[in-house]
Every structure is written in C-alpha cells, then in structure tokens.
Amino acid sequence: MKIHYSLLVSDLDGTLLTSDNRLTPRIKEQIDRFERRGGKFTIATGRSLMESRSFIEELNLRYPVILYNGAMLYFPKEEKTQLFKTLDRAIVERLFADIIELNAGFEFLLFSPLNIYAYHITE
C-alpha cells in the first residue's frame with residue numbers, strides 16, 4: 001500500500017493517549033507500521049518536556065517534537081531544545097503579582113524549559 005503522507009504530527013491528549021494517559025499497543029503498532037513504510041512521525045502538545053518525555057521515549061521519536069503549544073521544539077536524537085519566544089523575567093513577575101493582587105481565582109501556569117509552576121489549581 002502506498003503511503004499518502006510523508007509526515008504525520010499528532011496531539012497526545014484526546015488523540016494518542018487513552019483517558020488514563022497511556023499509549024495502547026495498537027497505537028504504537030500503527031505508528032511503527034507508518035514509519036516502516038517510510039513515514040515520519042512526531043507529536044505536538046501543550047505539555048512540557050518533562051510531561052512528554054516518557055511518551056517520546058516509548059514511541060522512540062526521532063524527529064523534532066513540538067511542546068508548550070508551539071513555544072519549544074525538542075530534538076530527541078540530540079536531546080536539545082529550541083525556544084521560540086520567552087517573556088522577560090520582569091514581565092512575568094509583574095503578571096504574577098497582578099494576578100495574585102486580583103485574587104479572582106485565576107489559574108496561573110508558568111512554563112519554563114524544565115518545570116511548570118502553578119499559582120492556583122482547581123479541578
């Protein structure tokens with residue numbers, strides 16, 4: 001069977017992963033089959049590198065992975081990252097202070113290359 005796409009990029013949540021955050025054997029088998037036919041596969045996710053690393057390894061991804069909703073590329077073969085745009089620390093500190101001052105129940109997530117910081121988390 002002829003392959004129709006040379007590159008396939010997939011989200012993790014609600015697409016590749018089950019509701020309990022697992023990759024099924026069937027999904028892994030289909031990705032492997034696609035790659036054996038010459039296709040290139042990777043993922044694009046809003047997750048951080050820390051949250052995605054186990055899936056990157058489990059799928060043995062070789063092509064750049066899109067993380068943080070497009071703010072970072074991770075190159076699995078080289079184990080290197082490339083940030084596209086970051087905020088100046090002073091801006092982040094001011095935003096954080098303003099959100100705390102508002103005390104309006106906002107959820108605030110701050111992504112850094114290796115961590116995610118949260119101010120207020122609800123269910």
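Along the sequence shown, residues carry numbers from 1.
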For [X], which residues count as a side-chain contact (heavy atoms from CB on, under 4.5 Å) partner, sequence neighbours excluded?
{"X": "Leu17", "result": "Leu12, Asp13, Asn21, Leu23, Arg47, Phe55"}
{"X": "Ser54", "result": "none"}
{"X": "Ser19", "result": "none"}

| message | In the structure I gave you, are the side-chain heavy atoms of Ile31 and Leu16 within less than 4.5 Å of one another anywhere? | response |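 Yes. Closest side-chain heavy atoms under 4.5 Å.
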For the atom pair [atom1] ([X]) and [atom2] ([Y]), what is the distance rounded to the nearest 0.5 Å?
{"X": "Tyr74", "Y": "Gln82", "atom1": "OH", "atom2": "CD", "value": "14.0 Å"}
{"X": "Ser52", "Y": "Met72", "atom1": "OG", "atom2": "CE", "value": "10.5 Å"}
{"X": "Arg37", "Y": "Arg33", "atom1": "CZ", "atom2": "CZ", "value": "4.0 Å"}

| Looking at residues at least two apart in the chain, or sitting in another chain, which of them share a salt bridge (Lys or Arg N to Asp or Glu O under 4.0 Å) with Asp32? |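 Listed in chain order: Arg36.
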| said: Going by salt bridge (Lys or Arg N to Asp or Glu O under 4.0 Å), name the residues that satisfy it together with Asp20, two or more places apart in sequence or in a different chain. | reply: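 Expected list: Arg22.
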| message | Determine whether Leu73 and Thr81 satisfy the following criterion, side chain to side chain contact (heavy atoms under 4.5 Å, CB included), listing intermediate values before the conclusion. | response | CA-CA 6 Å; Leu73 278 180; Thr81 60; over 6 Å; no
I need the full list of salt bridge (Lys or Arg N to Asp or Glu O under 4.0 Å) pairs touching [range], with sequence neighbours left out, sorted by first then second residue.
{"range": "residues 90-99", "result": "Arg89-Glu93, Arg94-Asp98"}
{"range": "residues 65-83", "result": "none"}
{"range": "residues 65-74", "result": "none"}

| message | Are there over 12 heavy-atom neighbours, none belonging to Glu101, within less than 6.0 Å of that residue's CD? | response | no
| Run the side chain to side chain contact (heavy atoms under 4.5 Å, CB included) check on Thr45 and Leu67 step by step: do they pass? | CA-CA 5 Å; Thr45 180; Leu67 301 169; 3.7 Å; yes
Name the atoms and distances for all side-chain donor-acceptor pairs under 3.5 Å in residues 58-66, with sequence neighbours left out.
{"from": "Glu58", "atom 1": "OE2", "to": "Lys28", "atom 2": "NZ", "distance (Å)": "2.9"}

| query | Who are the ring pair (Phe, Tyr, Trp, His ring centres under 6.0 Å) partners of Phe75, not counting sequence neighbours? | reply |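 Applying ring pair (Phe, Tyr, Trp, His ring centres under 6.0 Å) to Phe75 gives none.
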